[in-house]
Amino acid sequence: MLSAKVLLVGPRESGKSVLANFVSESIEGIGSYSPTQGVRILEYDVNVNGNSKGGVCRFELWDCSGDQKFETCWPALMKDSHGVVIVFNPELPSHLKEIETWYSCFVQQQRLLDSQCLLIAHHKPGSVGGTEDLSLAYPLNKLKLVHSNLEEDAEDVRMEFIKYFRSIITFINESREKEEMSIIS
């Protein structure tokens, strides 16, 4: 079975754990806010073909703490990752600045492609909304941006994650093929 490692990163209290639990269909930690200490790893199987015949890939979702005190652990977390999901609260102006740091550390320093990154503006329950027209600084404005509101459009959020996971699998398969071809030639 194909396996992929995807990091969920971003500022504190942006909703990373809520999204990780939702996507992986985990009931762990539902309820009150509890900051992630270091990292939490959830496994999730995705049927990438959309049918019942094979095509299942196991995703490791690494729900990383947004606390800067764990920064010394980041290189270990990044090792062998295939993708990065940056989660932020669009209602907090400080998050818009912080996600530039997360992008720099987790995407640019790892030399990941922008297609391996997903940016999620996570709207918490009861949020006022109205942030659909976010103006993000370069290079964040080149990334795929998904607005997440689990109260109003949970299935849309799930479908965006599945599309993203499929793109990661395509990337892994293409990288393997290139590597195999370079060995052959």
Side-chain angles (χ1 to χ4, degrees), residues 1-52 54-67 70 74 77-78 80-91 95 99 102-103 106-107 110 112-127 129 131 134 140 143-173:
M1 178 186 304
L2 187 61
S3 181
K5 175 181 175 181
V6 173
L7 307 177
L8 276 82
V9 301
R12 293 173 59 178
E13 297 188 51
S14 56
K16 298 177 295 294
S17 294
V18 170
L19 284 168
N21 288 341
F22 172 74
V23 169
S24 67
E25 299 169 356
S26 169
I27 57 170
E28 179 184 330
I30 291 179
S32 63
Y33 174 72
S34 175
T36 301
Q37 297 302 309
V39 67
R40 237 176 22 118
I41 302 170
L42 298 132
E43 291 187 340
Y44 174 61
D45 292 339
V46 177
N47 185 333
V48 291
N49 294 340
N51 61 34
S52 57
V56 174
C57 177
R58 168 144 303 148
F59 276 86
E60 289 180 2
L61 300 177
W62 289 50
D63 174 16
C64 304
S65 172
D67 196 323
F70 295 107
W74 292 356
L77 300 178
M78 290 187 255
D80 300 327
S81 65
H82 299 100
V84 174
V85 177
I86 301 173
V87 182
F88 67 101
N89 181 340
E91 294 178 26
H95 280 201
I99 59 175
W102 292 97
Y103 176 79
F106 282 85
V107 179
Q110 284 193 93
L112 294 182
L113 302 173
D114 286 343
S115 62
Q116 291 173 270
C117 183
L118 181 63
L119 194 56
I120 298 189
H122 182 65
H123 301 268
K124 295 187 174 187
S127 66
T131 54
L134 282 176
L140 297 172
L143 302 176
K144 166 89 173 157
L145 172 65
V146 173
H147 285 270
S148 158
N149 185 328
L150 298 181
E151 285 184 315
E152 294 178 14
D153 55 10
E155 279 315 302
D156 290 347
V157 174
R158 188 178 308 282
M159 290 312 301
E160 289 294 342
F161 266 97
I162 289 172
K163 280 192 246 175
Y164 171 70
F165 291 150
R166 286 183 177 149
S167 73
I168 293 296
I169 291 164
T170 300
F171 174 79
I172 292 170
N173 286 333

ask   = Given Val23 and Phe165, is the side chain to side chain contact (heavy atoms under 4.5 Å, CB included) satisfied, shown in steps?
value = CA-CA 11 Å; Val23 169; Phe165 291 150; 3.7 Å; yes
inquiry  = Checking Phe70 against Val39 for the side chain to side chain contact (heavy atoms under 4.5 Å, CB included) test, could you report, in this order, the C-alpha distance in whole Å, the side-chain angles of both residues, the deciding distance, and whether it holds?
reply    = CA-CA 9 Å; Phe70 295 107; Val39 67; over 6 Å; no
task = Give the C-alpha distance, both sets of side-chain angles, the deciding distance and a yes or no for side chain to side chain contact (heavy atoms under 4.5 Å, CB included) between Leu19 and Val157.
result = CA-CA 9 Å; Leu19 284 168; Val157 174; 4.1 Å; yes
request  = Check the pair Trp102 / Val87 against side chain to side chain contact (heavy atoms under 4.5 Å, CB included), numbers first and verdict last.
outcome  = CA-CA 10 Å; Trp102 292 97; Val87 182; over 6 Å; no
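In this structure, CZ on Phe106 lies 9.0 Å from CD1 on Ile86, to the nearest 0.5 angstrom. In this structure, the separation between CZ on Phe161 and CG on Leu118 is 6.0 Å, given to the nearest 0.5 Å. Leu8 contributes atom CG, which lies 12.5 Å from atom CH2 of Trp62 (distance to the nearest 0.5 angstrom). A distance of 6.0 Å separates CG of Leu61 from OG of Ser24, quoted to the nearest 0.5 Å. Here the OG atom belonging to Ser167 is positioned 12.5 Å from the CD1 atom belonging to Ile162, to the nearest 0.5 angstrom. One finds the OH atom of Tyr164 at 7.0 Å from the CD atom of Gln116 (value rounded to the nearest 0.5 Å).
Lys16 places a side-chain N or O within donor-acceptor distance of the main-chain N or O of Gly10, the cut-off being under 3.5 Å. Looking at His82, its side chain never comes within 3.5 Å of a backbone N or O of Val6 through a donor-acceptor pair.
Pairing each heavy atom of Leu112 with each of Ser81, the nearest pair is CD2-O, 4.2 Å. His123 and His147 get closest at one heavy-atom pair: NE2-ND1, 2.9 Å. Minimum heavy-atom separation, Leu77 to Leu7: O-CD2, 3.5 Å. In plain terms, the two heavy atoms of Pro11 and Ile99 that are nearest each other are CD-CG2, 4.0 Å. The two atoms that bring Gly83 and Ile168 nearest to each other are CA-CD1, 4.0 Å, heavy atoms only. Closest non-hydrogen pair, Asn89 versus Ser14, comes out as N-CB, 3.9 Å.
In this structure the side chain of Met78 never reaches within 4.5 angstrom of the side chain of Val9, judged on heavy atoms.
Crowding of Glu43 atom CD: a count of heavy atoms from other residues, nucleotides or ligands under 6.0 Å exceeding 12.
Ion pair Glu160/Lys144 flagged as a salt bridge, since at least one NZ, NE, NH1 or NH2 atom sits closer than 4.0 Å to an Asp/Glu carboxylate oxygen.
For the 3.5 Å distance criterion, the side chains of His122 and Ser148 qualify, holding a donor opposite an acceptor.
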